[in-house]
Amino acid sequence: MADIGVSSCMMWNAQLEEMFRILYENGIDEMELWAQHFQHRRFSVEEYVKLSALYPIKSCVHSYSWDLNLASMNEGIRQASVEEVKKAVRLAYDIGAIEVTVHPGRETMKGDRQIYLDYMRESLKQIMDYAGQYHIDISLEIMEKIPKEIFTSLEEMEKVTQGFPCFYTLDVAHCDSVEEVRHILKSAVHLSKIHISNRKGNQLHTPLDKGDYDFTTLLKELEAAEIPIIIEGFDQDEKLSVLHENLEFIKKIGGKK
């Protein structure tokens, strides 16, 4: 049975102990801690480590990604993006996590795609060298098919990571069909986790029971891969209504141990 986790962004305005307590009481196995969330809320590494011991929930880290671009034509932006990912790697090390999820770079403007592939590989080398010092794994997320995104398929991701010991993150909402989800599940050798949320057409990361995918059946297929599954979304509601809606759905369809 696959572990079930939750993105910390589902609990944006919650206190840190409340986040751990809710996940623990609902039988959740893991939290994917967004580095930007951690920084924005000014959470404490010491408190996080203490709560991890009190509520035995595993952790992985999602790197800073907002406003960043690891393949930017602008060298300053590109290097700043690398440094932010390094900060996320160090955060993972400090809280006892072993993996960081990273959004790959994208085009600055339409043109010669090869130059962006080269920039991405340069950035990736710096990140992998740094992560290796802390024995932290890097998992690159396969992105949605929108303008300027490059790494929107398993094949594109494998091309840019050739020679690097990277893992991949499958995001179901970034896929255009169940067939694409199944293709990645079947073909990806180094898949480390699956992000789940629904989508309504171009609206991504909707609750699991509201969208184009039927998770009452799809979740069973995903669980069969026996790799961690992370429920994604963003919720600033003080009542954590979207989180609880997702948790109730998971319990209803028997998606928990």
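Because the structure is predicted, anything quoted here is derived from the model rather than measured.
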Report task. Please name the pair of heavy atoms, one in Ala88 and one in Ala35, separated by the smallest distance, quoted to 0.1 Å. Result -> CB-CB, 4.1 Å
**Report entry** Heavy atoms from other residues, nucleotides or ligands near CD of Gln114 exceed 12 (cutoff 6.0 Å)
**Finding:** yes
**Report entry** Donor-acceptor under 3.5 Å (Thr101 side chain, Ser139 main chain)
**Finding:** no
Query raised in the report: At what distance, to the nearest 0.5 angstrom, does CD of Glu141 lie from OG1 of Thr169?
Result: 6.0 Å
Query raised in the report: Do the side chains of Ile146 and Thr152 get nearer than 4.5 Å, heavy atoms only?
Result: no
Query raised in the report: Do other residues, nucleotides or ligands put more than 12 heavy atoms under 6.0 Å from the CD atom of Glu25?
Result: yes
Query raised in the report: With the 4.5 Å side-chain cut-off for hydrophobic clustering, are Ile138 and Ile184 part of the same group?
Result: yes
Query - Worked verdict on Lys193 versus Glu30 for salt bridge (charged side-chain N to carboxylate O under 4.0 Å, His left out) - result: CA-CA 11 Å; Lys193 64 183 171 302; Glu30 185 166 357; over 6 Å; no
**Report entry** Step-by-step side chain to side chain contact (heavy atoms under 4.5 Å, CB included) determination, Val82 to Leu70
**Finding:** CA-CA 6 Å; Val82 169; Leu70 290 168; 3.8 Å; yes
Report task. Evaluate side chain to side chain contact (heavy atoms under 4.5 Å, CB included) for Tyr130 paired with Ile136, printing each intermediate quantity in order. Result -> CA-CA 9 Å; Tyr130 185 81; Ile136 300 294; over 6 Å; no
Report task. Could you state whether Phe43 and Leu240 fall into the same hydrophobic cluster, counting links through intermediate Ile, Leu, Val, Met, Phe, Trp or Tyr residues with side-chain heavy atoms under 4.5 angstrom apart? Result -> yes
Query - Least distance between heavy atoms, Leu218 atom then Val172 atom - result: CD2-CG1, 4.1 Å
Query raised in the report: Is there a donor-acceptor pair closer than 3.5 Å between any side-chain N or O of Asn13 and the backbone N or O of Gln236?
Result: yes
Requested in this report: Enter the distance from Asp67:CG to Ser81:OG here, rounded to the nearest 0.5 Å.
Outcome: 9.5 Å
Query raised in the report: Is there a donor-acceptor pair closer than 3.5 Å between any side-chain N or O of Asp235 and the backbone N or O of Val242?
Result: yes
Report task. Kindly compute the distance separating NZ (Lys86) from CD1 (Ile127), expressed to the nearest 0.5 Å. Result -> 8.5 Å
Query raised in the report: Does a side-chain N-to-carboxylate-O contact under 4.0 Å join Lys50 and Glu47?
Result: no
Report task. Would you check if the side chain of Asn198 reaches a backbone N or O of Asp212 as a donor-acceptor pair within less than 3.5 Å? Result -> yes
Query raised in the report: Hey, is Glu180 close enough to Lys145 for a salt bridge, meaning N to O under 4.0 Å?
Result: yes
Query raised in the report: Hey, does Leu117 have a side-chain heavy atom less than 4.5 Å from the side chain of Ile150?
Result: yes
**Report entry** Derivation and outcome, side chain to side chain contact (heavy atoms under 4.5 Å, CB included), residues Phe249 and Phe215
**Finding:** CA-CA 9 Å; Phe249 177 79; Phe215 272 96; 3.6 Å; yes
Query raised in the report: Quick check, are the ring centers of Trp34 and Trp66 under 6.0 angstrom apart?
Result: yes
Requested in this report: Please indicate whether Asp129 has more than 12 foreign heavy atoms, meaning atoms of other residues, nucleotides or ligands, lying under 6.0 Å from its CG.
Outcome: yes
Requested in this report: Could you tell me whether the side chain of Arg199 and the main chain of Thr206 form a donor-acceptor pair under 3.5 Å?
Outcome: no
Query - Atom pair CG/CZ of Leu243 and Phe234 - distance to nearest 0.5 Å - result: 13.5 Å
Requested in this report: Give a yes or no on whether the backbone of Ile28 and the side-chain of Asn26 come within a donor-acceptor separation of less than 3.5 Å.
Outcome: no
**Report entry** Mutual orientation of the aromatic rings belonging to His37 and Trp12 [parallel < 30°, tilted 30-60°, perpendicular > 60°]
**Finding:** parallel
**Report entry** Arg113 and Glu107, any side-chain heavy atoms less than 4.5 Å apart
**Finding:** yes
Query raised in the report: Name the one of Leu185, Leu219, Asp171, Ile230 that satisfies side-chain contact (heavy atoms from CB on, under 4.5 Å) with Ile194?
Result: Leu185
Report summary line: Closest non-hydrogen atoms of Tyr116 and Ala71, given as atom of the first, atom of the second and distance, are CD2-O, 3.2 Å
Query - Close aromatic pair by centroid cut-off 6.0 Å: His62 and His103 - result: yes
Query raised in the report: Thinking salt bridges, do Glu245 and Lys210 make one under a 4.0 Å N-O criterion?
Result: yes
Report task. Please check if atom CD1 in Ile98 has more than 12 non-hydrogen atoms from other residues, nucleotides or ligands closer than 6.0 Å. Result -> no
Requested in this report: Identify whether Ile142 and Leu68 are in the same connected component of the hydrophobic contact network (ILVMFWY, side-chain heavy atoms under 4.5 Å).
Outcome: no
Query - Side-chain heavy atoms of Gln133 within contact of Arg90, under 4.5 Å - result: no
**Report entry** With Leu124, the side-chain contact (heavy atoms from CB on, under 4.5 Å) member among Gln126, Met128, Glu122
**Finding:** Met128
Query raised in the report: Should Phe20 and Leu54 count as side-chain neighbours, where that means a heavy-atom distance under 4.5 Å?
Result: no
Query raised in the report: Is there a side-chain contact between Tyr55 and Arg21, using heavy atoms and a 4.5 Å cut-off?
Result: yes
Query - Tyr119 six-ring centre to Arg78 NZ/CZ under 6.0 Å and within 45° of normal - result: yes
Query - Nearest heavy-atom neighbours spanning Ala173 and Leu204 - result: O-CD2, 3.3 Å
Query raised in the report: To the nearest 0.5 Å, what is the distance between CG (Asp137) and NE2 (His190)?
Result: 11.5 Å
**Report entry** Residue pair Met120 / Gly105: nearest heavy atoms and the distance that separates them
**Finding:** SD-N, 3.3 Å
Query - Donor-acceptor contact present, side-chain Thr108 to main-chain Met73, <3.5 Å - result: yes
Query raised in the report: Within a radius of less than 6.0 Å around CG of Asn202, do more than 12 heavy atoms belonging to other residues, nucleotides or ligands occur?
Result: no
Query raised in the report: Is there a donor-acceptor contact under 3.5 Å from the side chain of Arg106 to the main chain of Ser72?
Result: no
Query raised in the report: So, Gln79 versus Glu83: side-chain donor-acceptor pair below 3.5 Å or not?
Result: yes
Query raised in the report: Salt bridge between Lys58 and Asp29, side-chain N to carboxylate O under 4.0 Å?
Result: no
**Report entry** Test side chain to side chain contact (heavy atoms under 4.5 Å, CB included) applied to Met10 and Asn246, step by step
**Finding:** CA-CA 10 Å; Met10 298 286 292; Asn246 279 319; 3.2 Å; yes
Query raised in the report: When you measure from the centre of the six-membered ring of Tyr64, is the NZ or CZ of Lys87 under 6.0 Å away and within 45° of the axis?
Result: yes
Report task. Would you indicate whether the side-chain heavy atoms of Val178 and Tyr213 approach each other to under 4.5 Å? Result -> yes
Report task. Would you please say whether a donor-acceptor pair under 3.5 Å links the side chains of Glu84 and Ser63? Result -> no
Requested in this report: Verify the cluster assignment for Ile77 and Ile115: are they in a single hydrophobic cluster under the rule of side-chain heavy atoms below 4.5 Å apart?
Outcome: no
**Report entry** Where Arg121 and Gln162 come nearest, the two heavy atoms and their spacing
**Finding:** NH1-O, 3.0 Å
Query raised in the report: Is there a chain of hydrophobic side chains (I, L, V, M, F, W, Y, each step under 4.5 Å between heavy atoms) that links Val61 to Ile57?
Result: yes
Query raised in the report: Distance from Leu191 atom CG to Lys186 atom NZ, nearest 0.5 Å?
Result: 15.0 Å
Query raised in the report: So do the side chains of Glu232 and Cys9 get within less than 4.5 Å of each other, counting heavy atoms only?
Result: no
